[in-house]
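One structure is given below, encoded as structure tokens.
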Amino acid sequence: MSVLDDLANKAGDDDTVCGVPARLVAAPATTEEAAALIAETRDLAVVIRGSGTTLHHGPPPRDLDLIIDTRRLAGVVEHAAGDLITVVRAGTPMAELHCLPGQQLALDAPPSATAGGTVAANTSGPRRLRYGTARDLLIGITVVRPDGRITRAGGKVVKNVAGYDLGKLYTGSQGTLGLITECVFRLHPVPPATSFVRAIAPATRAADVLAGQFAASALEINAAPGADPEIAVLLEGTEAGVRDRAAALAGLLDGEVTDEAPPWWNTPPWPDGGLGLKLTCVLSAVPALVTAAVDAGLTVRGSAGTGVLHAGGPVRPASADEAARLVGLLRAAATTAGGHAVVLTAPDSVRDRLDMWGPVPGLELMRRVKEQFDPDHRFAPGRFVGGI
Ligand SMILES: Cc1cc2nc3c(=O)[nH]c(=O)nc-3n(C[C@H](O)[C@H](O)[C@H](O)COP(=O)(O)OP(=O)(O)OC[C@H]3O[C@@H](n4cnc5c(N)ncnc54)[C@H](O)[C@@H]3O)c2cc1C
């Protein structure tokens, strides 16, 4: 019996990617099993699925024969507390990595999201300000390439110096270069105390927080048409240190100290099936970009400390023309602000009409990398920048 016959099932109604149905779904349980499956299915177009939290992001796949699901590739292989590292299989839910004994993988991805999907998506949340992104916290990786070969890069120590750092290449590759089966992450201690400072204040006040000696772990803003703009700051550290910093910051912003994050913290500002964009800019231009998004009728929220914002609903563009107009407007504003605007998600009815990535520096280099790794273009065909 072939590996495909052994592992694959007929796809169900929910086995779709951006509305494109798959024919088959297979869930390998080990790196070796995944490698045998991928080597045997060289004529099939593949999309990899973790828990599916952002599978609807980006353009639809051009073809889709097989979904490779990582849910059986799960479990913590090793937690070396003394070295502050963990080795995990790609399908491990982030919930397990948010609360290792005394330590954490400091990424705010949803609890159901998988470790491999979080690396492949390289999205970031509020605590990027202090801890960085998956790209910063990944120190080793095992990948099955589209030709079925197993490759390993990096290792289990924070300082890896030999060879190309292929982990960085796979981070954010959205399943277009291979199947990540195992990751090694750098961990951080769980802080003894945390507190939030919340204030009604415009994005311009974020600069005061950054300029002060508050050592914020996250600095988030939320602004929507017709509503008061808000700032929320996460402070972490010792009990006394957090208490003192929180009191001083609350005084500066005329805000309040709370144990809880505001309800909008780390949630996308678009309704299911709506239009959602990721905006980036230089820090000094955050207020101008926020104003542009709100003036366009969108809600905007995200990190004023790193210049990574999300904009979206409540507007659900009624037509492709309206969606294209909004995207054009936000793209121009982001460019002026020294950054980019990428459409993460859009109503199925308008997706085909949108340039979801916009102009991408380094596109030619990315094409060449894709050609090297996946010359038959069978991993997530058409999903990556430039329709690669
Ligand atoms: C409300 C919300 C808040 C979020 N906040 C954060 C945050 O704070 N920090 C953060 O880092 N992220 C954040 N994210 C994004 C999050 O990282 C991704 O949604 C999630 O981690 C993807 O994991 P998944 O298992 O759901 O992957 P999926 O959604 O299933 O897949 C995502 C992409 O990765 C590819 N992929 C999945 N698994 C693999 C694999 N093993 N090998 C290769 N490619 C693969 C898929 O093909 C797809 O392109 C947030 C998302 C949401 C919805």
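Order of listing sets the numbers, starting from 1, for every ligand and every atom in it. Along the sequence shown, residues are numbered consecutively beginning with 1.
Here is the list of ligand 1 atoms found below 4.0 Å of a heavy atom in T70: 41 (N). Listed by number with element, the atoms of ligand 1 under 4.0 Å from a non-hydrogen atom of P268 are 1 (C). With ligand atoms numbered from 1 in the order given, ligand 1 contributes 23 (O), 24 (P), 25 (O) to contacts under 4.0 Å with heavy atoms of T114. Counting the atoms of ligand 1 from 1 in the order shown, those under 4.0 Å from a heavy atom of A90 are 41 (N). When each atom of ligand 1 is checked for a heavy atom of D108 under 4.0 Å away, the hits are 5 (N), 6 (C), 7 (C), 8 (O), 9 (N).
G178 counts as a contact of ligand 1, since one of its heavy atoms falls under 4.0 Å from the ligand. For S124, the closest heavy-atom approach to ligand 1 falls below 4.0 Å.
At a 4.0 Å heavy-atom cut-off, ligand 1 touches N266 through backbone and side chain alike. With a 4.0 Å cut-off on non-hydrogen atoms, T123 touches ligand 1 through its backbone as well as its side chain. Residue contacts with ligand 1 for P110 involve side-chain atoms from C-beta outward but no N, CA, C or O (heavy atoms, distance under 4.0 Å).
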Test log, rule salt bridge (charged side-chain N to carboxylate O under 4.0 Å, His left out), inputs R145 and D374: CA-CA 8 Å; R145 288 176 24 165; D374 182 19; over 6 Å; no
Evaluation steps, side-chain contact (heavy atoms from CB on, under 4.5 Å), between T70 and I48: CA-CA 8 Å; T70 63; I48 298 157; 4.0 Å; yes
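The one candidate from T142, T30, T31 that meets the side-chain hydrogen bond (donor to acceptor under 3.5 Å, both in side chains) condition with T181 is T31. Among R127, H98, M94, R128, the one residue that satisfies the side chain to side chain contact (heavy atoms under 4.5 Å, CB included) test with D108 is R127.
The nearest protein atom to atom 49 (O) of ligand 1, hydrogens excluded, is given as Q174 OE1, 2.9 Å; this is a heavy-atom distance. Taking atom 31 (O) of ligand 1 as the reference point, the nearest protein heavy-atom neighbour is L55 CD1, 3.9 Å. When only non-hydrogen protein atoms are considered, atom 13 (C) of ligand 1 lies nearest to A109 CA, 3.7 Å. Counting only heavy atoms of the protein, atom 28 (P) of ligand 1 lies nearest to G52 N, 3.6 Å. Given atom 21 (O) of ligand 1, the protein heavy atom at minimum distance is T118 OG1, 2.6 Å. Among protein heavy atoms, atom 29 (O) of ligand 1 sits closest to T54 N, 2.7 Å. When only non-hydrogen protein atoms are considered, atom 45 (C) of ligand 1 lies nearest to A120 CB, 3.4 Å.
Close N/O approach between L107 and ligand 1 is not found [any backbone or side-chain N/O within under 3.5 Å]. Annotation: I180 places an N or O atom under 3.5 Å from an N or O atom of ligand 1; distance criterion only. For S51, a nitrogen or oxygen atom sits less than 3.5 Å from a nitrogen or oxygen atom of ligand 1, counting backbone and side chain alike.
The option with the heavy atom closest to atom 9 (N) of ligand 1, from among S112, G125, A115, G91, is G125. Here the shortest heavy-atom distance to atom 18 (C) of ligand 1, taken over T53, N122, T176, I48, belongs to T53. Between atom 38 (N) of ligand 1 and the options A218, G175, G117, the minimum heavy-atom separation is to G117.
Heavy-atom neighbours of D5 CG from other residues, nucleotides or ligands within 6.0 Å: above the threshold of 12.
Using a cutoff of 4.0 Å between basic side-chain nitrogens and carboxylate oxygens, R367 and E364 are scored as salt-bridged. Using a cutoff of 4.0 Å between basic side-chain nitrogens and carboxylate oxygens, D147 and R149 are scored as salt-bridged. We find that D321 and R353 are joined by a salt bridge, their nearest charged nitrogen and carboxylate oxygen being less than 4.0 Å apart.
For the residue pair E230 and W264, a side-chain donor N or O sits within less than 3.5 Å of a side-chain acceptor on the partner. Side-chain contact, R130 with S217: a donor N or O sits under 3.5 Å from an acceptor N or O. Judged by distance alone, the side chains of T194 and E236 never bring a donor and an acceptor atom under 3.5 Å apart. Checked by atom type, the side-chain pair H57/Q174 shows no donor-acceptor distance below 3.5 Å.
To the nearest 0.5 Å, the span separating CH2 on W270 from OG1 on T345 amounts to 7.5 Å. Between the NE2 atom in H79 and the OG1 atom in T86 there is a gap of 6.0 Å [rounded to 0.5 Å].
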